[in-house]
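Here the structure is laid out as structure tokens; the discussion comes afterwards.
Reminder, nothing fancy here: chain letters follow the sequence lines and each chain counts from 1. Values reported hereafter were calculated over all heavy atoms of this structure, with side chains retained and with hydrogens, waters and symmetry mates removed.
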Protein chains: 2
Amino acid sequence: MKKDKHDCDLQTCMLCRLCIKEWLPAVDNHRKNFSLKKGQLLFREGDPVNGIYFIFSGTVKVHKHWGEEKELIVRFARKGDIVGHRGVGAEMMYPVSATALEPVTLCFIDLEFFQASLKVNHALLHELMMFYARELQESEKNMRNLVHMPVKARIAHALLTLRDKFGNTEDGAIDMTLGRQDLASFTGTTYETAFRVMSELIQENVIAVSGKSIAVLNAEKLQELEKL
Amino acid sequence: MKKDKHDCDLQTCMLCRLCIKEWLPAVDNHRKNFSLKKGQLLFREGDPVNGIYFIFSGTVKVHKHWGEEKELIVRFARKGDIVGHRGVGAEMMYPVSATALEPVTLCFIDLEFFQASLKVNHALLHELMMFYARELQESEKNMRNLVHMPVKARIAHALLTLRDKFGNTEDGAIDMTLGRQDLASFTGTTYETAFRVMSELIQENVIAVSGKSIAVLNAEKLQELEKL
DNA sequence: CGCACCCTTGAAAGAGATCAAAGGGAGTGG
DNA sequence: CCACTCCCTTTGATCTCTTTCAAGGGTGCG
């Protein structure tokens, strides 16, 4: 397999961070690069786990289903993030689904190799553990927010979080494509409610929207809204 | 420091599971045993992290606060469980509080020693990582439930979960003390609502309550309720 | 005995969800 | 180029579940 470089920032790319010296050469023989179109499924909740994924470009939503219609988006993954690590536990099936929100390029590392690496590579294991620890904290914070914050506050919070994570394009828009439906699923509400709240925020000149891109005009106001 | 044994079941006690051979002697020189009375705080959200705790007996609630009045119980810890590991991440403060629900005996291991152990003890690190992975899955499942399930279903689910975790006493009651307020905080609802739902369940002969102990009379019915 | 605190229940208010329907485009076929 | 359909957006109107408020009833304790 050829050793094709990916163009991640070393600071932020989990693959790079995990590729602590001794792992890098080995992993290059075990990773398989490929890409996904917008809307394509990376894996589905309940699928048997066969490996983990590192994203080189694009955005992926990680979501948990409820019945046929409803879902909750647990996390967005972007360039440099890992996806599928939630399958590493005891269960042999993914507890979540992952779907491309925009065209995605990534690499796949089969589980067997990854777990073998974990057994011998202490630094890798440590990095991964810390990563889990962070995600757990995140998750529980979100849980509390979902329970105690009203919808408007949750959406304000989500917008700030997303802006932090994805950054702004030069015209001030959050650098990701996010439909109303996904925003709703992320904030644990319905399409209509998410829509209405967004309309309010536009009226109040707190955000601006064109197409699927969202610009934060007044971050301070959003921070206030978060608190209620 | 003396090497006082604790009386956990080797199968279930995290300290035992983590005490993989080479660690056990070392840890005995670094742990400090003590006990808590009912209602006492083990540590508070925002406190600087100074170590982790292993529970020998009793029950602890791990909770996250919201404002002054509200909280969300993230998890219950019992004999054999770890508490305080959520502080291991990058932040130097606990993201949650821990409070004794009944008299608790436990041992404390200072963070410095624990982290040093993680650096050299691969099996320990691996066990801890898997533990985080499981907790993350749990957390995200709960998150979805909190968003999509109505209160009655959440309470039904909580009762089944608690029964699984704590088991039954010989008279069929769940082997833990759980006030209405804590049940409410655990299921993300208010005292009054939790109370009303419990009353319904009693009327429907699904559960029986005496004092603070709850007995599940009809688990199948609870499982049905979970689904709505 | 009386005060304080929690349990218990009722009634009202509110936030969101659900339902329903009108208003756009964008693509398709005539 | 227009008519038509399909699907997503938008908006209004209900409706339901929960929360909130409030007040009565126990019970333990000083």
Interface limits on DNA chain C, where chain B has a heavy atom under 4.0 Å of a nucleotide atom: C:dC7 to C:dA11
Sugar-phosphate, base or nothing in reach of A:K212, heavy atoms under 4.0 Å: nothing
Any B:T189 side-chain N or O less than 4.0 Å from OP1/OP2 of D:dT19: yes
N/O to N/O distances under 3.5 Å, protein versus nucleotides 24-26 of chain D:
none

Between protein and nucleotides 13-16 of chain D, what N or O pairs are separated by less than 3.5 Å?
unit_1	atom_1	unit_2	atom_2	d
D:dA13	N6	A:R196	NH2	3.4

Sugar-phosphate only, base, or nothing, as touched by A:Q181 at under 4.0 Å among non-hydrogen atoms: nothing
Straight-line distance of A:K79 NZ to A:F166 CZ, nearest 0.5 Å: 12.0 Å
Taking every non-hydrogen atom, the tightest pair across B:L160 and B:Q223: CD1-CG, 3.7 Å
Results of side chain to side chain donor-acceptor pair (under 3.5 Å) for B:E71 - residues two or more places apart only: B:K61, B:H63, B:S185
Nearest-Å distance for atom pair CG/P, residues A:D182 and D:dC8: 13 Å
Atom-to-atom span, OH of B:Y191 to C1' of D:dT19 - whole angstrom: 16 Å
A:F195 CZ - D:dT10 C1' separation (whole Å): 5 Å
Below 3.5 Å between N/O atoms, which protein atoms pair up with nucleotides 27-30 of chain D? Just atom names and distances, please.
none

N/O (side chain, B:T193) to phosphate O (OP1/OP2, D:dT18) under 4.0 Å: no
Test side chain to side chain donor-acceptor pair (under 3.5 Å) applied to B:T187 - qualifying residues, sequence neighbours left out: none
Contact summary for B:L101 and B:M176, nearest pair of heavy atoms: CD1-CE, 4.0 Å
Intermediate values then yes/no, salt bridge (charged side-chain N to carboxylate O under 4.0 Å, His left out), B:R75 and B:E138: CA-CA 10 Å; B:R75 163 180 177 248; B:E138 265 307 297; over 6 Å; no
Shortest non-hydrogen separation from B:L136 to A:S139 and the atoms involved: CD1-CB, 4.0 Å
Residues that A:R154 engages under side chain to side chain donor-acceptor pair (under 3.5 Å), provided they are two or more places apart: none
Of all pairs that satisfy ring pair (Phe, Tyr, Trp, His ring centres under 6.0 Å), the ones with a partner from residues 70-104 of chain B, not counting sequence neighbours: B:F43-B:Y94, B:F76-B:F186, B:H85-B:F131, B:H85-B:Y132
All pairs passing salt bridge (charged side-chain N to carboxylate O under 4.0 Å, His left out) where residues 162-176 of chain B contributes a residue, at least two apart: B:D81-B:K165
Minimum-distance pair of heavy atoms, taken over all atoms of B:M198 and B:L159: SD-CD1, 4.4 Å
Validation row: B:N33, B:L106 side chains within 4.5 angstrom (heavy atoms): no
Qualifying salt bridge (charged side-chain N to carboxylate O under 4.0 Å, His left out) pairs with a residue from residues 198-221 of chain B, counting only residues at least two apart or across chains: B:K152-B:E200, B:K152-B:E204
Smallest separation among heavy atoms of B:L178 and B:L162, with atom names: CD2-CD1, 3.5 Å
Heavy-atom side-chain proximity of B:R196 to B:V151 below 4.5 angstrom: no
B:T177: partners by side chain to side chain donor-acceptor pair (under 3.5 Å), with sequence neighbours left out: B:E102
Any residue of residues 144-157 of chain B with a heavy atom less than 4.0 Å from an atom of DNA chain C: none
